[in-house]
*Asks:* 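First, the structure itself, so that you have it in front of you.
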Amino acid sequence: LTSHVIQTRHALVLGSAAEAAQYGVYYPPEAAAVNPVVTQSYLGVPIIVGEKVIGVVSVNTYAKNAYTSDSIRLLSTLANNMGVALENARLFESVQQSEAHFRALIENAAEGVAVLDAHGNFRYLTHKEESLTGYTLEETIGQSAFRFIHPDDLPGLMQAFQEGVQTPGAIVMREYR
């Protein structure tokens with residue numbers, strides 16, 4: 001039944017064991033000897049993320065014809081919410097892995113790296129930048145980067161900084177003393 005829901009990408013509602021048998025569900029006689037009551041009603045709904053079916057949520061009961069259009073709507077809503085939650089969890093994990101990867105690249109760079117906010121205040125500083133400048137992370141975070149710049153270099157760096165602020169995502173590099 002699950003494979004049918006995955007293949008069709010639609011909900012499947014069955015109201016009796018006889019209907020389930022049409023989909024290949026088989027109740028062996030030895031199972032009936034242990035439990036003579038068999039599942040009668042089945043409702044399965046695909047969990048879809050983007051264009052891909054990532055699973056099926058299903059319910060069943062011993063009562064015949066137990067599931068209505070309201071049942072389908074409710075389970076479909078739950079399946080949609082599950083899909084969103086699972087995709088959000090996957091994206092969150094992906095972002096965490098990406099962040100760890102890029103942090104490792106930056107921390108091991110040959111050059112120092114500093115990240116500034118839109119006002120020119122330090123948000124992040126690599127250990128290499130600390131060793132190059134002599135200023136610690138604690139001394140710089142939240143401080144204006146321009147207070148650490150030689151006065152002769154300040155106009156060019158402020159201009160480069162403004163160019164970077166006006167072009168989000170731009171990487172602006174300048175040498176200074």
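What you see is a predicted model, and the numbers here were worked out from it, not measured in a lab. Just so you know, these numbers use all the heavy atoms, side chains as well, and skip hydrogens, waters and symmetry mates.
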*Asks:* Sorted by first residue and then second, give each ring pair (Phe, Tyr, Trp, His ring centres under 6.0 Å) pair with at least one member in residues 49-94; sequence neighbours left out.
*Replies:*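 Non-adjacent pairs meeting ring pair (Phe, Tyr, Trp, His ring centres under 6.0 Å): zero.
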
*Asks:* Could you list the residues that satisfy side chain to side chain donor-acceptor pair (under 3.5 Å) with Gln143, not counting sequence neighbours?
*Replies:*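 So Gln143 forms a side chain to side chain donor-acceptor pair (under 3.5 Å) with Arg147.
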
*Asks:* Who are the side chain to side chain donor-acceptor pair (under 3.5 Å) partners of Glu111, not counting sequence neighbours?
*Replies:*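 Residues passing side chain to side chain donor-acceptor pair (under 3.5 Å) with Glu111: none at all.
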
*Asks:* Which residues end up grouped with Val84 if you chain together Ile, Leu, Val, Met, Phe, Trp and Tyr wherever their side-chain heavy atoms are less than 4.5 Å apart?
*Replies:*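 Members other than Val84 - counting any ILVMFWY side chain reachable under 4.5 Å - there are none.
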
*Asks:* To check you understand the geometry: which heavy-atom pair defines the closest contact between Val38 and Ala17, and what is its length?
*Replies:*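 Smallest heavy-atom distance, with atoms named: CG2-CB, 4.0 Å.
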
*Asks:* Determine the minimum heavy-atom distance between Gly83 and Val49, stating which atoms define it.
*Replies:*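 Heavy atoms of Gly83 and Val49 come nearest at O-CG2, 3.4 Å.
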
*Asks:* Once you round to the nearest 0.5 Å, how far does OG1 of Thr2 lie from CG of Leu12?
*Replies:*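 Spacing of OG1 (Thr2) from CG (Leu12) equals 9.5 Å.
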
*Asks:* Applying side chain to side chain donor-acceptor pair (under 3.5 Å), name anything that partners Arg103, two or more places apart in sequence or on another chain.
*Replies:*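 Listed in chain order: Glu99.
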
*Asks:* Mind listing the closest non-hydrogen atom pair of Ser41 and Ala63 along with its distance?
*Replies:*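 For Ser41 versus Ala63, the nearest heavy atoms are OG-O, 2.6 Å.
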
*Asks:* Holding to side-chain contact (heavy atoms from CB on, under 4.5 Å), I want the full list of residues that pass it with Val57, two or more places apart in sequence or in another chain.
*Replies:*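 side-chain contact (heavy atoms from CB on, under 4.5 Å) list for Val57, sorted by chain: Val45, Ile47, Leu75, Ala79, Met82.
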
*Asks:* May I ask whether Leu1 and Val59 are part of the same hydrophobic cluster, defined by side-chain heavy atoms of I, L, V, M, F, W, Y residues being less than 4.5 angstrom apart, directly or through others?
*Replies:*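 No, because Leu1 and Val59 fall into different hydrophobic clusters, even though each may have its own neighbours under 4.5 Å.
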
*Asks:* Each residue besides Tyr135 in its hydrophobic cluster should be listed here, by chain and number; the cluster joins Ile, Leu, Val, Met, Phe, Trp and Tyr at side-chain heavy-atom distances under 4.5 Å.
*Replies:*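 Leu116, Phe122, Leu125, Leu137, Ile141, Phe146, Phe148, Ile149, Leu154, Leu157, Met158, Phe161, Val165, Tyr176, listed by chain and number.
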
*Asks:* Count the heavy atoms of every other residue, nucleotide or ligand shown that sit under 6.0 Å from NE2 of His119, and state whether that count exceeds 12.
*Replies:*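 No, because the 6.0 Å sphere around NE2 of His119 holds 12 heavy atoms or fewer from other groups.
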
*Asks:* CG/Asp153 to CZ/Arg174 distance, rounded to the nearest 0.5 angstrom?
*Replies:*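 These two atoms lie 11.5 Å from each other.
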
*Asks:* Taking side chain to side chain donor-acceptor pair (under 3.5 Å) as the test, write out the residues that go with Gln97, two or more places apart.
*Replies:*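 If we apply the side chain to side chain donor-acceptor pair (under 3.5 Å) test to Gln97, skipping adjacent residues, the hits are Glu93.
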
*Asks:* To the nearest 0.5 Å, what is the distance between NE2 (His101) and CD1 (Ile106)?
*Replies:*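 Spacing of NE2 (His101) from CD1 (Ile106) equals 10.0 Å.
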
*Asks:* Under a single-linkage definition using a 4.5 Å side-chain heavy-atom cutoff for Ile, Leu, Val, Met, Phe, Trp and Tyr, are Val56 and Tyr23 assigned to the same hydrophobic cluster?
*Replies:*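 Yes; Tyr23 is reachable from Val56 via cluster members.
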
*Asks:* Could you work out the complete set of other residues in the hydrophobic cluster of Leu91, with links drawn between I, L, V, M, F, W and Y side chains under 4.5 Å apart?
*Replies:*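 None; Leu91 is a cluster of one.
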
*Asks:* What closest approach, in Å, do Asn65 and Glu19 show between heavy atoms, and which atom pair accounts for it?
*Replies:*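 Where Asn65 meets Glu19 most closely, the heavy atoms are OD1-OE2, 4.3 Å.
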
*Asks:* Would you say Thr77's side chain and Arg73's backbone share a donor-acceptor pair under 3.5 angstrom?
*Replies:*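 Checked: pair present.
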
*Asks:* What's the separation between atom CG in Leu43 and atom OG1 in Thr61, rounded to the nearest 0.5 Å?
*Replies:*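 These two atoms lie 11.5 Å from each other.
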
*Asks:* side-chain contact (heavy atoms from CB on, under 4.5 Å) between Ser71 and Leu74: does it pass, once the steps are laid out?
*Replies:* CA-CA 5 Å; Ser71 305; Leu74 176 61; 5.8 Å; no

*Asks:* How many angstroms lie between atom CD of Glu87 and atom CD1 of Ile48, to the nearest 0.5 angstrom?
*Replies:*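 One gets 13.0 Å once the value is rounded to the nearest 0.5 Å.
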
*Asks:* State yes or no: do Val53 and Val13 share one hydrophobic cluster built from I, L, V, M, F, W and Y residues joined by side-chain heavy-atom distances below 4.5 Å, directly or via other members?
*Replies:*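 No; Val13 is not reachable from Val53 via cluster members.
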
*Asks:* For Phe102, which fellow cluster members are found when Ile, Leu, Val, Met, Phe, Trp and Tyr are connected by side-chain heavy-atom distances below 4.5 angstrom, either directly or through intermediates?
*Replies:*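 Same cluster as Phe102: Leu105.
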
*Asks:* Which pairs pass side-chain hydrogen bond (donor to acceptor under 3.5 Å, both in side chains) with one or both residues in residues 5-17, sequence neighbours excluded?
*Replies:*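 For residues 5-17, and leaving out neighbouring residues, there are no side-chain hydrogen bond (donor to acceptor under 3.5 Å, both in side chains) pairs at all.
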
*Asks:* Could you list the residues that satisfy salt bridge (Lys or Arg N to Asp or Glu O under 4.0 Å) with Glu139, not counting sequence neighbours?
*Replies:*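 Residues passing salt bridge (Lys or Arg N to Asp or Glu O under 4.0 Å) with Glu139: none at all.
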
*Asks:* Could you give the distance from CD (Gln162) to OG1 (Thr167), rounded to the nearest 0.5 Å?
*Replies:*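 Taking CD in Gln162 and OG1 in Thr167, the distance rounds to 10.5 Å.
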
*Asks:* Can a donor-acceptor pair be found, under 3.5 Å and without considering hydrogens, that links the side chain of Asn108 to the backbone of Ala104?
*Replies:*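 Checked: pair present.
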
*Asks:* Please name the pair of heavy atoms, one in Ser58 and one in Gly44, separated by the smallest distance, quoted to 0.1 Å.
*Replies:*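 So the two residues come closest at CB-CA, 3.9 Å.
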
*Asks:* Same cluster or not: Ile6 versus Val25, using hydrophobic residues (I, L, V, M, F, W, Y) connected whenever any side-chain heavy atoms lie under 4.5 Å apart?
*Replies:*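 Yes; Val25 is reachable from Ile6 via cluster members.
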
